[in-house]
Student: 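Take a look at this one; I'll ask things after.
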Protein chains: 2
Amino acid sequence: MGKQVTEMLKGTLEGIVLAILAIRPAYGYEITARLRDQGFSDIAEGTIYALLVRIERRGLVDVEKIPSEKGPPRKVYSLNAQGREYLEEFWRTWSFLAERLEQLREGGN
Amino acid sequence: MGKQVTEMLKGTLEGIVLAILAIRPAYGYEITARLRDQGFSDIAEGTIYALLVRIERRGLVDVEKIPSEKGPPRKVYSLNAQGREYLEEFWRTWSFLAERLEQLREGGN
DNA sequence: CTCAGCTATTCAGTGTTGCTAGATACCAGT
DNA sequence: ACTGGTATCTAGCAACACTGAATAGCTGAG
């Protein structure tokens, strides 16, 4: 997609990844692949890894290193209590924004 | 609001302002005030002015300088054809993102 | 055995964006 | 003169996603 998506992802991509981790633990490569499947066709791998480092540093996830049979060891991330809390706040923020935009969309046409 | 909103606004604030201008022409101070009324309680004025400069430079709006009775002259911005096109693309992008997030929200709980 | 190709992670450098914190300017009322 | 509301602009900052690469383990083709 275009530059528009890129800019819109700022701030939401983090929530998206947390939401994915809320379903079940996952590692970077897997998350990227799942995102691509879901239509985010050109999210850069580097972006995801950087994001994972960030949320780990903030204590939103727990990490476990697990050997892979197909390559180097995987770093499996799982959402912890703090992460779940943060995710809920993310949803509230998102709802707020989505409501405002829906209003604008209707009012503006 | 918090840092979360700030990051989420990146990329969407532009669309929001364009959507406001789609309803009717407006100037910076007015746009800021309207946003505050609509719940974006702490969007910085400087942000809006910078954004307006940007979308003008990209040719999405037309500008007209109109004297004010209450202060310095106003720069009234109105959406032109190119801006309307861009706004439509913004809505498409937004819809894409909103759908994905709605899916995640349901699936993830 | 070597090389391509998939898996898996990391990192330095870049551009865009919104915020901070001011400065500037016009006008009315005290 | 001074305060306060109106109105715009700017330089410097922080956060984020992207680019483009490097590194590393494993498998199968040649």
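First the proteins, then the strands, lettered A, B, ... as listed; each starts at 1.
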Student: Using the side-chain contact (heavy atoms from CB on, under 4.5 Å) definition, which of the options B:Val5, B:Leu9, B:Thr6, B:Ile31 pairs with B:Ile43?
Tutor: B:Leu9
Student: In whole angstrom, give the distance that lies between atom NZ of B:Lys75 and atom C1' of D:dT6.
Tutor: 16 Å
Student: Send over the distance from B:Arg36 CZ to D:dT6 P, rounded to a whole Å.
Tutor: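 So the CZ-P distance, B:Arg36 to D:dT6, works out to 12 Å.
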Student: Nearest 0.5 Å, what's the CE-OG1 distance between A:Met8 and B:Thr12?
Tutor: 7.0 Å
Student: Between P on C:dA8 and OH on A:Tyr77, what's the gap in Å once rounded to a whole number?
Tutor: 14 Å
Student: Calculate the interatomic distance between B:Ile31 atom CD1 and D:dC9 atom P; express it in whole Å.
Tutor: 12 Å
Student: What is the separation between atom CD on B:Glu64 and atom C1' on D:dT8, rounded to the nearest whole Å?
Tutor: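 Result: 17 Å.
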Student: Round to the nearest Å and state the distance from A:Tyr49 atom OH to C:dA12 atom C1'.
Tutor: 18 Å
Student: Can you pull out every side-chain hydrogen bond (donor to acceptor under 3.5 Å, both in side chains) where at least one residue sits in residues 60-78 of chain A? Sequence neighbours excluded, please.
Tutor: A:Tyr27-A:Arg74, A:Asp62-A:Asn80
Student: Measure the spacing between CD of A:Glu30 and CD1 of A:Ile20 and express it to the nearest 0.5 Å.
Tutor: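 Output value for this atom pair is 9.0 Å.
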Student: Extract from the structure each pairing of a protein N or O with an N or O of nucleotides 22-30 of chain D at less than 3.5 Å, listing the distance.
Tutor:
from, atom 1, to, atom 2, distance (Å)
D:dG25, N2, A:Lys70, O, 3.3

Student: Over all heavy atoms of both residues, which pair between A:Tyr86 and A:Leu18 is shortest? Give the atoms and the distance, please.
Tutor: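 What the structure gives for the nearest pair is CD2-CD1, 3.5 Å.
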Student: Which parts of nucleotides 17-22 of chain C does protein reach within less than 4.0 Å, heavy atoms only, written one letter per nucleotide 5' to 3' as B for base, S for sugar-phosphate only and - for none?
Tutor: BSBB--
Student: Tell me whether the OP1 or OP2 atom of D:dT6 has a side-chain N or O from B:Tyr29 closer than 4.0 Å.
Tutor: yes
Student: Working to the nearest 0.5 Å, report the span between CD of B:Glu106 and CG of B:Leu101.
Tutor: 11.0 Å
Student: I need the full list of salt bridge (charged side-chain N to carboxylate O under 4.0 Å, His left out) pairs touching residues 85-97 of chain B, with sequence neighbours left out, sorted by first then second residue.
Tutor: none
Student: Roughly how many Å is it from CD1 in A:Ile66 to C1' in C:dT7, rounded to a whole number?
Tutor: 16 Å
Student: Which pairs with one or both residues in residues 10-24 of chain A pass salt bridge (charged side-chain N to carboxylate O under 4.0 Å, His left out), sequence neighbours excluded?
Tutor: A:Glu7-A:Lys10, A:Glu14-A:Arg58
Student: Enumerate the residue pairs fulfilling ring-ring contact (aromatic ring centres under 6.0 Å, His included) with a member in residues 32-69 of chain A, sequence neighbours excluded, ordered by first and then second residue.
Tutor: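 Matches after skipping sequence neighbours: A:Phe40-B:Phe96.
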Student: Write down the distance between OH (A:Tyr27) and P (C:dT9), rounded to a whole number of angstrom.
Tutor: 7 Å
